[in-house]
Protein chains: 2
Amino acid sequence: MAGENLTKGGRRREQILTAAVELFGEVGYRGTSLRDIAQRVGITHPGLLYHFHSKQELLSAVLARRDASDETTFGLHDQPSGREQAKRILELAEHNSKTPGIIELFATLSAEATDPEHPAHEYFKDRYQMVTGAFRTMFEGLAADGDLVAEVDAEVMGVTMVALMDGLQVQWLYSPDSVDVAEAMRNFLRAYLKDPL
Amino acid sequence: MAGENLTKGGRRREQILTAAVELFGEVGYRGTSLRDIAQRVGITHPGLLYHFHSKQELLSAVLARRDASDETTFGLHDQPSGREQAKRILELAEHNSKTPGIIELFATLSAEATDPEHPAHEYFKDRYQMVTGAFRTMFEGLAADGDLVAEVDAEVMGVTMVALMDGLQVQWLYSPDSVDVAEAMRNFLRAYLKDPL
DNA sequence: GTCTATAGAGTGATAGAC
DNA sequence: GTCTATCACTCTATAGAC
């Protein structure tokens with residue numbers, strides 16, 4: 001498992017990344033200062049800039065680490081069935097609601113980065129294409145396996161399901177007690193599946 | 001119709017509000033400076049502060065104007081059937097895709113204001129309760145009229161439909177050509193309705 | 001009603017000491 | 001590796017001229 005035996009320098013980098021994830025999630029990239037992040041780690045902001053040469057570089061590192069950890073939590077190397085993929089997504093949604101920082105980051109940044117000038121704009125544009133594509137494939141798999149109650153436009157369903165997850169997460173940030181992301185997703189899928197998950 | 005016969009002062013206020021909506025939508029509240037807004041109107045930022053005494057006051061005015069215009073575009077004084085409400089929502093979604101600034105503002109600000117310290121946090125918290133409530137009522141109406149193919153949890157459906165709209169709008173901001181908000185919403189509703197809209 | 005000037009604080013980033 | 005000091009800039013907001 002990569003990223004576990006860390007040098008001292010590597011450990012400090014990890015601390016900074018963790019603090020950055022939290023703060024970018026709470027108040028966005030533009031709302032966070034290098035001093036805020038440095039303070040949370042217990043150093044000064046030039047101290048931080050020794051490890052990351054600019055604020056943008058720090059943002060890139062945050063997004064890259066997220067991608068790496070996504071790849072390890074999802075076992076993306078097998079070829080699961082549509083139903084299996086759907087189950088995993090619900091599990092991920094349940095898992096996320098126990099580790100708020102992760103979902104907070106993406107809910108906040110994905111909206112902030114709609115601005116074409118935002119340093120993470122291209123990242124999110126690519127990511128949306130990737131994720132909606134994966135969900136489209138999932139619905140194609142479900143259709144091929146005869147798991148769906150009716151024909152669907154897999155392309156539109158992919159976009160729809162990603163939109164639903166994103167929107168639910170925003171509402172969940174406003175009132176965690178009255179929104180259950182995983183339950184709403186399961187409820188959504190039930191309308192399309194012959195057998196509930 | 002209120003807000004149509006404007007004094008000269010009122011007209012300048014309107015110009016400022018329009019510019020503020022655009023910029024808050026493009027780069028968020030935190031990403032926008034009073035100088036940016038003032039420049040777009042052709043005055044300096046102290047000139048702007050004559051009309052709105054602080055940046056927060058300007059934000060409040062932007063949100064208040066939005067609420068007022070919502071109330072006039074929706075004829076919320078009649079008691080439409082569930083189907084009628086659903087149709088209006090689709091019409092609104094279609095209309096919004098022709099006036100991007102409006103939807104941009106809410107997609108951007110609603111995520112930015114998840115931070116409890118954000119000046120618009122309580123506004124959006126209240127708004128989500130109101131809008132999800134209205135959609136819950138719509139699904140209750142559809143159920144009562146026998147328009148649904150199966151029983152639903154109207155509460156969850158309200159949250160779900162708002163989440164879907166929000167999420168679709170974010171994706172639409174990333175690639176307007178490959179996402180059709182109104183079509184995806186119509187497609188979503190089709191899974192629940194006996195007769196398509 | 002809008003301007004110039006400015007206060008007072010915060011920003012990302014660099015230089016150079018230790 | 002982390003610090004202090006500082007640069008050059010931007011921010012919101014105010015004072016006071018016109």
Side-chain angles (χ1 to χ4, degrees), chain A residues 3 5-63 108-109 112-113 115 117-121, chain B residues 3 5-63 108-109 112-113 115 117-121:
Chain A
N5 76 341
L6 295 167
T7 62
K8 278 171 191 164
R11 199 175 300 129
R12 180 46 57 92
R13 269 180 71 95
E14 280 302 306
Q15 290 176 9
I16 294 169
L17 285 170
T18 301
V21 168
E22 288 169 13
L23 281 164
F24 289 166
E26 287 165 25
V27 292
Y29 175 72
R30 290 187 168 125
T32 304
S33 75
L34 295 177
R35 285 172 176 81
D36 293 338
I37 301 167
Q39 190 186 21
R40 200 167 281 209
V41 179
I43 58 176
T44 60
H45 85 276
L48 186 159
L49 284 168
Y50 168 80
H51 298 279
F52 300 93
H53 299 69
S54 74
K55 193 183 177 186
Q56 277 204 37
E57 190 181 309
L58 177 55
L59 175 61
S60 299
V62 162
L63 297 173
T108 306
L109 283 191
E112 185 182 0
D115 171 23
E117 305 293 299
H118 193 286
H121 183 76
Chain B
N5 76 341
L6 294 167
T7 63
K8 276 170 192 165
R11 198 176 300 128
R12 180 46 56 94
R13 270 180 69 96
E14 280 303 306
Q15 290 176 8
I16 294 169
L17 285 170
T18 301
V21 167
E22 288 170 13
L23 281 163
F24 288 166
E26 286 165 27
V27 292
Y29 176 73
R30 289 186 169 125
T32 304
S33 75
L34 294 177
R35 282 176 176 82
D36 294 337
I37 301 167
Q39 190 187 23
R40 199 168 283 210
V41 180
I43 57 175
T44 61
H45 82 277
L48 187 159
L49 284 169
Y50 168 81
H51 298 279
F52 300 93
H53 298 69
S54 74
K55 193 182 177 186
Q56 277 205 35
E57 190 181 308
L58 176 55
L59 175 62
S60 300
V62 163
L63 297 174
T108 306
L109 282 191
E112 185 181 0
D115 171 22
E117 306 291 299
H118 194 285
H121 183 77

Between [N] ([atom2]) and [X] ([atom1]): distance, integer Å:
| X | N | atom1 | atom2 | value |
| --- | --- | --- | --- | --- |
| R11(A) | dT2(D) | CZ | C1' | 17 Å |
| L49(B) | dA15(D) | CG | P | 12 Å |
| Q15(B) | dT2(C) | CD | C1' | 13 Å |
| I37(A) | dG12(C) | CD1 | P | 8 Å |
| K55(A) | dG10(C) | NZ | C1' | 12 Å |
| D36(A) | dA9(C) | CG | P | 17 Å |
| F52(B) | dT14(D) | CZ | C1' | 19 Å |
| I16(A) | dG12(C) | CD1 | C1' | 15 Å |

For the residue pair [X] and [Y], establish whether any side-chain heavy-atom pair is separated by less than 4.5 Å.
| X | Y | result |
| --- | --- | --- |
| R12(B) | V41(B) | yes |
| F52(B) | L34(B) | no |
| L59(B) | L109(B) | yes |
| L17(B) | L58(B) | yes |

Please list each protein N or O that sits under 3.5 Å from an N or O in nucleotides 3-7 of chain D, with the distance.
{"unit_1": "dC3(D)", "atom_1": "OP2", "unit_2": "T44(A)", "atom_2": "N", "d": "2.6"}
{"unit_1": "dC3(D)", "atom_1": "OP2", "unit_2": "T44(A)", "atom_2": "OG1", "d": "2.8"}

Are [X] and [N] close enough that a side-chain N or O sits under 4.0 Å from OP1 or OP2?
| X | N | answer |
| --- | --- | --- |
| Y50(B) | dG1(C) | yes |
| H51(A) | dT2(D) | yes |
| R13(B) | dG1(C) | no |

T108(A) and Y29(A): CA distance, side-chain angles, deciding distance, side chain to side chain contact (heavy atoms under 4.5 Å, CB included) verdict: CA-CA 9 Å; T108(A) 306; Y29(A) 175 72; over 6 Å; no

Atom CD of Q39(A): over 12 foreign heavy atoms under 6.0 Å: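 Result for CD/Q39(A): open.
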
More than 12 heavy atoms from other groups under 6.0 Å of CD on E22(A):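 Above 12, so yes.
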
Minimum heavy-atom distance between L48(B) and A38(B), given as atom pair plus value: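 L48(B) and A38(B) have their closest heavy atoms at CD1-N, 3.7 Å.
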
Residues touching DNA chain D, which here means a heavy atom under 4.0 Å, drawn from residues 25-34 of chain B: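 Under 4.0 Å from DNA chain D: T32(B), S33(B), L34(B).
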
Polar side-chain atom of E112(B) near backbone of R30(B) as donor-acceptor pair, under 3.5 Å: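 It does hold such a pair.
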
